[in-house]
Structures are given as C-alpha cells and as structure tokens.
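Computed over heavy atoms, backbone and side chain alike; hydrogens, waters and symmetry mates excluded. Whatever order the structure lists them in is the order used to number ligands and atoms, beginning at 1. The chain is numbered in sequence order, starting from 1.
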Amino acid sequence: MMKDVSLDVAALVLLIILVFSCIFRKMTSGVSNRIYLVILLSAIVATVFDIIAVTLDNADSRNDFALYAAHSGYLIAHYLIAPLHLFFVISLTDIWHKLRRNTILQMLIFLPSFVVMIAFILNINNNMLFSVKYGYERETWFPMLYVAAILYVIYDIIYIIRYNKMFDFDDIASITAVLPIYIVAVTVQAFFPNVLVGMFGIAVGLLIISIGVQRPEDYIDSFTQLMKHSAYAHDMKRSYYNGKHVNIIMLNIANFQSIQAMIGFDLAMHILKEVADKIRQINTEWSAGAELYYLDNGRFRLVFDWNEYSKAEDVANVLNRELKNASFNGLDISLEPFIVLARCPEEISEFKMLMSFGADFHKKNYYTGQVIKANEIFNQNQLDIRNNIDTIIEDALANERFQVYYQPIYSLSKDKFVSAEALIRLIDPKHGYISPEALITAAEQNGAIHKIGELVFEKVCQFIASDDFEKLGLEYIEVNLSVAQIMNSDLPDKLFAVMKKYDIAPDRINLEITETAAAYAQRVMTENLEKLTKAGISFSLDDYGTGYSNMKRVIQLPLKIIKLDKSFVDENNNPKMWIFLENTVKMLKDMNMEIVVEGVETREMLNAFSDLKCDFIQGYFFSKPIPETDFVEFISKQNNKAS
Ligand code: C2E
Ligand code: MG
Ligand code: MG
C-alpha cells in the first residue's frame with residue numbers, strides 16, 4: 001500500500017518556518033532557546049529521512065543500504081525528540097547544577113537512551129528493531145522505542161508536577177498541551193503505519209511551545225536587544241529558589257537621567273544601545289558567557305556562572321574603563337558607570353534584596369570611580385545586617401527593642417533649646433547598632449514602617465505628656481514621617497488616636513516630611529496634610545537641598561519649617577554657595593517660613609548661620625541624638641544656664 005508523504009511535507013515546511021522565526025525573533029541565546037532549536041533540527045532531520053524512506057518504500061526500492069540508512073536516520077532523530085523535550089522542560093527551571101550532583105537521577109535520565117542506542121547498533125547485525133530485507137518491517141523489539149519515549153513523557157510529567165511553582169502558567173499550559181498531541185499522533189501512526197501523522201503532530205506541538213513558552217516580547221528589550229527586567233526577575237528568582245550560585249555585575253549609569261534630560265529621549269536611547277553593544281562585545285571577547293539584561297533607567301546586569309568570579313572581575317574592570325572613556329559621535333557626554341560586583345546568594349542572601357540592591361548607592365559616598373565589590377563596602381557584620389534586616393526588625397518589634405533618641409534644637413531668637421527631633425535607634429543583640437537609614441529603607445519595603453512609625457509617635461507622645469517636658473520649657477517635638485506613612489489614608493486618624501490617649505495638644509507636634517515625599521503630588525498625601533494641618537499640627541520640610549525640590553510643590557504645601565540639609569550646609573565655605581544660602585534663607589523668610597539648619601558641627605558654622613538670621617540650629621555642635629533621660633538632663637542644664 002502506498003504511503004502519502006504530504007503530511008510530512010507540511011511538517012517540514014512548518015518546522016523550517018519555526019527555525020526562521022526563532023532566528024528572526026532572536027530567540028537563539030539562553031539554554032532553553034538553544035535546546036528548542038536542537039529539537040527543531042532533529043525534527044527536521046527526522047522528517048527529511050522519513051520522506052526519503054517513504055519514497056524508497058513506495059518505489060519498492062531494493063537498495064538495502066539506502067533503505068536502512070533512511071529508516072534508521074528517521075527512527076533515531078525521531079526518538080531523540082523525547083529526551084530533548086525533557087531537557088527543554090528542565091532548562092525552563094534551570095536546575096542543571098542539581099542534576100550534575102545527583103548520579104541516580106542522571107542514570108534514570110540517560111539509561112533509556114543508552115539502551116536504545118545500543119539496540120540501534122546491534123540492529124545492524126541482528127535486526128531486532130527493524131529490517132529492510134523484504135521491505136521495511138518492524139521487528140520484535142521495536143516497541144522498546146515506544147517504551148523509552150513514554151518513559152520520557154512520564155519524566156516530563158513528574159518533573160512539571162514536582163517543580164510546578166517554577167513554571168509560569170503559560171509554560172505549563174503549552175508544555176502539557178503538547179503531550180496529548182504527541183501521544184495521539186504517535187499512537188495513530190503506531191497502529192496505522194501508513195498514515196504519516198507523527199512528524200506533523202510533533203511540528204504542531206513545537207508550534208504551540210513557540211507561541212506559549214517563547215515570548216520574546218516578555219523577555220527581550222526592543223532597544224538594547226538584551227533581556228528585560230521581567231526576565232532578570234524571573235531568572236534570579238529561579239536561581240535563589242534553586243540555591244544556584246551566581247556572580248552578578250550590576251552596572252548603573254548613575255547620570256543617565258540627567259543625560260536624558262540634556263540630550264532628549266532619542267539620543268539617550270542611542271547611547272543605551274551603544275552601551276549594550278559594548279557589553280555584548282566585551283562578553284564575547286572575554287568568552288565570559290554571561291547572561292545580559294537591561295532593566296531600565298540605565299541599569300544593566302551581567303550574570304556569570306558561580307565559578308567565573310575572576311572573569312567577572314576582569315569584565316567589570318574593562319567595562320568601567322571603557323564606559324568612562326566612551327565617546328558618542330560628537331556628543332559631549334561622559335558616562336558615570338557605577339559598577340558593583342556581588343556573589344549571590346553569599347553577599348545578597350535574598351531575591352527581594354537583590355532586586356532593590358544598589359538603589360541607594362550613589363547617594364552615599366561609596367563611589368570612587370572603581371568597581372565596587374559588595375564584600376568590600378560592607379564588612380561581614382553589615383552584610384549580615386542587610387541580609388537579615390527583615391528578621392531583625394520583626395524581632396525588635398516583638399521584643400520592644402526600638403528606642404527613640406532626641407536631638408536638641410536650639411532657637412537663636414530665644415537663646416535656648418525649644419524643641420528636639422525624635423530619631424529612632426535600634427541596638428540588635430547580635431549585630432549591634434543598626435543605622436536608621438538601613439532600617440527605614442527596609443521597613444518601607446516590607447511594610448513594617450507603619451508599626452515602627454506608630455511606635456515612635458507613641459513614645460514621643462508619652463514623653464510630651466510627662467512632667468519633664470512641661471518643666472523644661474520645650475515647645476514641640478519634630479517627628480519624621482516616611483513616604484509610605486504619608487501615602488496611607490489611615491495616618492491622620494491613627495495619630496489623632498494616640499494624641500487623644502495622652503492628651504497632647506496639636507501644637508506640640510511637628511511632622512517632618514522629605515522632599516521626595518513632597519514631590520509626589522498625590523491625592524492621599526494632600527488630603528492627609530490638609531486634615532492634620534486643620535487639626536493644628538505643623539509640618540517641616542526635611543533635608544531641603546538634597547532632592548530636586550519642585551518649588552511650586554513646596555510653595556503649595558502647608559509648611560511651617562524648612563530644614564536645610566547638612567550636605568548643603570557643609571558647603572558654607574564655598575563663596576558661591578554662600579550667596580545661594582543667603583538668598584535661599586531670605587526667600588524662605590519672606591515666605592514666612594522658619595528655618596532649621598541641620599548638621600551644624602562647629603562654632604564657626606553656628607555664627608555664620610546666626611548672622612544669616614536663621615531661626616533654629618540642630619547639630620553635633622550642641623549635641624548628638626541622645627536617650628530621653630540624657631536629653632532631659634541636657635536640656636534642664638542648658639536652659640537653666642541660659643535663663
Ligand atoms: P534626618 O531626619 O535628616 O535626621 C537628621 C540626621 O542627621 C540624624 O541621623 C542625625 O543624627 C544626623 N545629624 C544631626 N546633626 C548632625 C551633625 O552635626 N553631624 C552629622 N554628621 N550628622 C548629624 P540619624 O539619626 O542617623 O537618622 C538618619 C535618617 O533616618 C533621618 O534623617 C531620617 O530620615 C531617618 N529616620 C530616623 N528616625 C526616623 C523615624 O523615626 N522615622 C522615619 N520615618 N525616619 C527616621
Ligand atoms: Mg528628620
Ligand atoms: Mg534631615
């Protein structure tokens with residue numbers, strides 16, 4: 001009976017289109033993409049051999065060698081799709097490193113294919129699988145090919161169930177949709193050898209995978225052609241989940257936003273593309289094999305294998321040098337590459353931390369122009385703190401370890417201390433002093449900030465309600481509010497409830513908000529400020545001069561006090577800065593705002609700002625933040641001396 005090859009031809013066309021689609025959509029790098037391509041190629045080889053074999057069969061060819069070669073080519077290539085499919089599924093979860101360590105698992109995976117390959121070799125002499133002597137015939141042991149293939153399908157299913165958490169829903173849907181198609185196609189062909197539906201079924205299955213699993217739009221950034229933020233998040237989450245060790249170069253172009261503001265979106269994107277090309281080129285030149293990502297806002301990531309730390313170090317140094325000196329045809333632009341090299345999970349123990357890692361680096365004085373190693377900027381204790389900050393906070397809340405310190409604020413006109421800023425302090429039994437910045441940043445991320453904020457506010461109210469406060473002649477306490485707190489619509493009611501509990505008059509409280517918070521023109525925040533101001537609570541703008549104050553926003557806010565930031569104040573020796581400070585102070589005074597100068601450390605600074613007619617001075621010159629009892633002692637001594 002003649003066999004019809006038209007379904008095979010259709011399969012061949014479909015498979016070739018899929019190969020081109022992979023190439024055009026740039027789905028050729030990364031382990032799973034490469035395995036997918038290998039599957040496509042074996043399917044093409046199998047189909048071509050099938051067409052040849054069937055044509056020879058139909059022509060009743062007696063060329064035994066050609067018949068044998070064509071049929072074995074087809075059977076081997078066809079068979080290989082089953083184990084390759086399993087590798088593809090494994091590659092989606094990236095647990096090769098576990099597989100490498102587990103010999104039993106390796107045996108289980110490789111044994112069926114090993115046996116099948118031996119059978120193919122033996123078949124040359126004993127024709128146990130198939131023979132071509134009287135035309136192509138399946139022999140006694142032929143079903144063993146089905147058994148081996150079915151074994152791989154079972155492995156697939158077990159694997160997907162075992163690691164279901166690590167697959168996206170779309171992945172699972174398309175991989176599992178493929179299995180019944182394969183099974184039906186192969187079964188039909190097993191019982192009706194003249195219906196050549198097998199390869200066509202496989203081609204359709206591969207098409208479904210291509211649509212469902214390979215979504216370049218989810219993973220490839222169209223400007224840089226590097227993998228996107230979502231791919232980085234996906235891959236890193238998987239590494240952390242699997243306990244896989246990697247080395248990561250985090251490259252942030254620190255001045256990217258100002259570059260974009262200066263030269264516009266199109267040119268900035270052009271520069272990004274060139275940076276991406278440079279990264280790709282260095283990756284190739286150094287045979288580094290790093291996976292490359294572009295997150296957004298000038299942030300790139302290069303992920304290296306765990307044993308490639310020294311190569312990662314070399315690549316980081318080359319990148320640093322080349323990017324600093326890069327010129328962009330005619331544009332007078334120099335990049336500020338900010339590069340951190342980290343071992344994960346040793347130096348950054350949690351996925352969540354990795355994703356937010358480095359966001360605050362350029363604000364601190366870490367930048368030296370050199371590549372920064374995560375283990376150099378943080379000593380082991382600081383690393384431990386960063387790695388365990390969530391637990392440290394949880395523990396501190398449970399064991400009431402948080403304390404509130406007070407830093408005195410001096411009134412120049414009244415010549416005495418009239419208030420203080422409440423500042424949180426935490427001494428952890430294991431790690432010692434935890435910096436408030438690290439604490440607040442982490443608490444904002446994990447949501448603990450609301451509890452911490454309430455706790456600080458309650459302690460402040462307790463202090464104001466005490467006899468000491470009244471006796472010391474203090475007027476109010478400044479309390480820091482974080483952005484997350486101001487954005488919370490429950491904030492006013494919570495504060496009112498505590499004030500009511502301790503019977504605190506609203507003019508005893510001044511809330512500090514930062515410039516960053518002020519920059520959010522957000523409804524909830526505006527409503528909160530209105531409600532609290534109406535109730536008689538006043539506000540300060542903290543850290544004035546550090547952010548990018550939108551003056552219009554600042555003017556619109558109901559602010560009583562502006563706090564000049566320390567970094568700004570430190571530059572008072574710079575004559576131009578001084579002119580700027582003089583004018584700023586005058587402008588703010590004309591707007592009827594009061595001014596606190598923060599970070600005053602010397603008598604010289606005190607005199608200078610006193611001449612400028614600022615209202616209040618806060619800084620180490622008078623006192624560091626100190627515990628409540630010390631503060632009470634300090635103020636009673638100082639204010640009595642003054643009077
Ligand atoms: P901030 O609100 O600007 O607080 C002033 C910071 O400057 C304090 O650091 C203070 O110790 C420091 N400082 C004051 N005078 C001087 C000086 O003369 N020289 C130097 N070098 N530093 C001075 P601290 O206590 O480490 O707090 C850091 C930041 O953490 C605060 O900056 C504030 O943004 C945040 N923070 C602290 N406590 C709280 C809190 O209870 N809630 C919230 N949301 N944030 C807080
Ligand atoms: Mg403050
Ligand atoms: Mg401040």
Contact atoms of ligand 1, heavy-atom distance to [X] under 4.0 Å:
X      : result
Asp543 : 3 (O)
Pro625 : 11 (O)
Gly619 : 15 (N), 18 (O)
Pro436 : 24 (P), 25 (O), 26 (O), 27 (O), 30 (O), 37 (C)
Val456 : 41 (O)
Ser482 : 44 (N)

Write out the residue and atom name of the closest protein heavy atom to [atom], then the distance separating them to 0.1 Å.
atom                    : answer
atom 18 (O) of ligand 1 : Tyr620 N, 2.8 Å
atom 39 (C) of ligand 1 : Ile424 CG2, 3.8 Å
atom 21 (N) of ligand 1 : Lys566 CE, 3.0 Å
atom 40 (C) of ligand 1 : Asn480 CB, 3.9 Å
atom 35 (C) of ligand 1 : Ile440 CG1, 4.3 Å
atom 28 (C) of ligand 1 : Glu437 OE2, 3.8 Å
atom 1 (P) of ligand 1  : Asp542 OD2, 3.6 Å
atom 15 (N) of ligand 1 : Gln407 NE2, 3.0 Å

> Looking only at heavy atoms of Arg425, does any of them come nearer than 4.0 Å to an atom of ligand 1?
Replying inline: yes
>> Within the structure, is a non-hydrogen atom of Glu421 found at a distance of less than 4.0 Å from ligand 1?
In response: yes
> Does CD belonging to Gln257 count more than 12 external heavy atoms closer than 6.0 Å?
Replying inline: no
> Does a sphere of radius 6.0 Å around NZ in Lys237 hold more than 12 heavy atoms from other residues, nucleotides or ligands, not counting ones at 6.0 Å or beyond?
Replying inline: no
Any side-chain to backbone donor/acceptor pair from [X] onto [Y]? Under 3.5 Å, distance only.
X      : Y      : answer
Glu322 : Val318 : no
Asp428 : Lys430 : yes
Arg508 : Glu475 : yes
Ser349 : Pro345 : no

Under a 3.5 Å cutoff, is there a donor and acceptor pairing between the side chains of [X] and [Y]?
X      : Y      : result
Gln462 : Tyr502 : yes
Gln370 : Asn320 : no
Asp543 : Thr514 : no
Asn528 : Arg523 : no

For ligand 1, does [X] get within less than 4.0 Å through its side chain, its backbone, both, or neither, judged by non-hydrogen atoms?
X      : result
Lys563 : neither
Val479 : neither
Leu423 : both

Using the rule side-chain contact (heavy atoms from CB on, under 4.5 Å), only one of [options] pairs with [X]; which is it?
X      : options                        : value
Phe580 : Lys576, Glu582, Met577         : Met577
Pro558 : Leu532, Ile537, Leu529, Thr526 : Leu529
Tyr232 : Leu226, Ile248, Leu292         : Ile248

> Is the Tyr294 to Phe223 ring centre distance short of 6.0 Å?
Replying inline: no
Below 2.8 Å, any N, O or S contact between [X] and the Mg ion (ligand 2)?
X      : answer
Glu512 : yes
Asp542 : yes
Asp543 : no
Asn480 : yes

> Do any non-hydrogen protein atoms sit less than 4.0 Å from atom 24 (P) of ligand 1?
Replying inline: yes
>> Going by the closest heavy atom to atom 5 (C) of ligand 1, which one wins out of Glu601, Glu512, Glu598?
In response: Glu598
> Relative to the ring of Tyr406, is the ring of Phe463 parallel (under 30°), tilted (30 to 60°) or perpendicular (over 60°)?
Replying inline: tilted
>> Which atom name would you report as the N, O or S atom of Glu421 nearest the Mg ion (ligand 2)?
In response: OE2
